[in-house]
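These notes are about the structure you will find just below.
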There are 2 protein chains.
Amino acid sequence: MPIEKETEQKIFEAAQKIFQKSGFEGARMQEIADEAGINKSMLHYYYRNKDTLFMTVFQSSVKKIMPQLFGTLASDIPLREKVEQIVEFYHDMFLKNPQLPAFVIYEMNQHPQRFKDFIGSMGVQLPEVFIDQVEDAVDSGKLRSITGDQFFMNVVSMCMMPMIARNMVQTVLQLTDDEYIDFLNERRKIIPSVIFNGLII
Amino acid sequence: MPIEKETEQKIFEAAQKIFQKSGFEGARMQEIADEAGINKSMLHYYYRNKDTLFMTVFQSSVKKIMPQLFGTLASDIPLREKVEQIVEFYHDMFLKNPQLPAFVIYEMNQHPQRFKDFIGSMGVQLPEVFIDQVEDAVDSGKLRSITGDQFFMNVVSMCMMPMIARNMVQTVLQLTDDEYIDFLNERRKIIPSVIFNGLII
DNA sequence: GAATAGTTCAACCATTTGGTTGAACTATTC
DNA sequence: GAATAGTTCAACCAAATGGTTGAACTATTC
C-alpha cells in the first residue's frame, strides 16, 4: 500500500487548481474530484459544500499575496528597497503560481461584500510607516508630490497587471510563452527605475 | 402603444450588463431575460444560444477598448501626448463603464485560444510608428533605455490596474466610492508624470 | 478480536440550466 | 381583408449540477 497524501490535502490542491483555472462559477465539483482522483462525495465529507471548499482555497490564496506585501511595506528599510523587494516578491510568486493574482482579484470583484470583512480582519491596510515615509520624502523635497496611496498603486499596478492580463498582452505583443517570461523578468529592474527615475534622462 | 426600443437591442444591453457583472459562467439566461423585461425564448430567437449572445457582447466590448488605444499609438503626435491621450481615454471610459476592463481581461484569460484569432483579425498589434518613436527617443538620448513593449506595458498597467482591481484596492485603502473616483481622477496627471519624470526630483 | 470512530464510494435525488416547441399575436403586403 | 412573414410567450424537456444517503471498508482502541 503506497503512502498517499492525505485525501483532504489532495482535495485542497485539486480545488485550488480548478478554482484558479475556472473561477467559482466555472468550477465543477466533479472536475475537482477527478483532479484529486477521488469520489465526489469525499469533497462534501471534508468540506461541507462548494462554498466552504471555495472559501478555504480563496483565503489561502489571499494569504499568499497579502501578508508578505504588507510586511515589507511596514518594515524599517528605505523606500527604494521596499519597492525592489515587492517587485521581486511578486515576480517570484508569479513563476510559481501564474494564475493566483487574476484569481484573487476576479473573485474579489465578484463578491466584494463577502470578502470585505475577511480582508479587513486580516489587518490588511496600508501601514502608517509607509505612508509617513512617502510623506517625509515629499516634505523634505526628495520626491515629487505624491500620496502614499498613489505611490502604492503605481508599484502594484506595474507588477500585477502583466500577470493578470497575461493572455491579452501576450496576444497583442505576439510573444511566445518563453518570451513572456523573459519580458516579465526584465521588469524586475524596469519597475523600480521607472517609479523613481522616470524615463527622461 | 409606447415606442419601445427594439427587443434585440434590449437583449443586447441586458446581456452586456449581466455578462459584465457575472462573467460567462456566472450569467444566467433567465437573468438576462428578466433584465431585458422579455421572455427567455426571445434570447434564443435573436441570438441562437448563450455562446452567440456572449460572443456578440464580448466582441463589442473589445472594440470599445482596443481600436482607440491603437489608433492613438499609431497617430503622428509626440510620445508624451500619446501617453496623455491614452490615460484620458481609459479614465473617461471607466467612468462610463467601470466593469468593462475587468470583463474583457478575465474572459480573455478563460478562453485564450478562442479569442486569439478574433483579436488577431482586428489587426490589434503594437504599431510600428510607436515602436520606432520609443527607439528613436532612446537612441537620441532623450529616454533611458527601454523597449516599446515595456513602455506600453507600463502605461497600460498604471491605467487599468486600479480599474480591474477596484474592490481589492478600495478595501485596502479604505476609500468610499466617491473617494475612489477622486483617487482615479488624480491619476490622470500622476501617470504621465511618473512615466516620464519619475518621482525623484 | 470485538467495538468504535473515521473514511470511502456507488447510487440516488431535487433543482437549476440551457434550450425547444407550438400556438397566438402583430404588422405588413397584396 | 386574406395571406404572409416576423415576433412574442407559456409550457416543456433533457442534461447537468450540487448535494445526500447508506452501506462497506479500514484503522485504532480496549
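Here is the naming used below: chain letters follow the sequence lines, and residue numbers restart at 1 for every chain. The figures that follow rest on heavy atoms only: side chains count, while hydrogens, waters and symmetry mates do not.
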So, do N97(A) and Q20(A) sit near enough that their side-chain heavy atoms are less than 4.5 Å apart?
yes
Under a 3.5 Å cut-off for both contacts, is dT16(C) paired Watson-Crick or G-U wobble with anything, and if yes, with which nucleotide?
dA15(D)
Centroid separation Y47(A) to F12(A) less than 6.0 Å
no
Spacing of N39(A) atom CG relative to dC25(D) atom P, expressed in whole Å
15 Å
Rounded distance (Å) that lies between atom C1' of dC13(C) and atom CG of N49(A)
17 Å
Would you mind reading off the distance between Q30(A) atom CD and dA11(C) atom C1', rounded to a whole angstrom?
13 Å
Nearest-Å distance, NE2 (H44(A)) to C1' (dA14(C))?
13 Å
With a 6.0 Å cut-off on ring centres, are F54(B) and F19(B) close enough?
yes
From CG of L53(B) across to P of dG19(C) the rounded distance in Å is 10 Å
How long is the line joining CZ of F24(B) and C1' of dT17(C), in whole Å?
12 Å
Give M42(A) one of three labels, base, sugar-phosphate or nothing, depending on what nucleic acid heavy atoms sit under 4.0 Å from its own.
base
OP1, OP2 of dT16(C) versus side-chain N and O of R28(B): anything below 4.0 Å?
no
Do any N or O atoms from the side chain of R187(B) and from the backbone of C159(B) form a donor-acceptor pair under 3.5 angstrom?
no
base_contact_polar (dG19(C) base, K50(B) side chain, donor-acceptor, <3.5 Å):
no
Which one, dT8(C), dG19(C), dT21(D), comes nearest to the side chain of K40(B)?
dG19(C)
Scan A27(A) against the nucleic acid and name what it touches under 4.0 Å (heavy atoms): base, sugar-phosphate only, or nothing.
sugar-phosphate
Using purine N1 to pyrimidine N3 plus N6-O4 or O6-N4 for Watson-Crick, or N1-O2 and O6-N3 for G-U wobble, both under 3.5 Å, which nucleotide pairs with dT26(C)?
dA5(D)
Touch check for Y46(A), heavy atoms < 4.0 angstrom, all strands: base, sugar-phosphate only, or nothing?
sugar-phosphate
Could K50(A) and F24(A) be counted as a cation-pi pair, given that NZ or CZ must be under 6.0 Å from the ring centre and within 45° of the axis?
yes
Expressed as a whole number of angstroms, how long is the span from Y45(B):OH to dT7(D):P?
4 Å
Tell me the interatomic distance from I38(A), atom CD1, to dT8(C), atom P, rounded to whole angstroms.
9 Å
Under 4.0 Å between a side-chain N/O of T7(B) and OP1 or OP2 of dT7(D), yes or no?
no
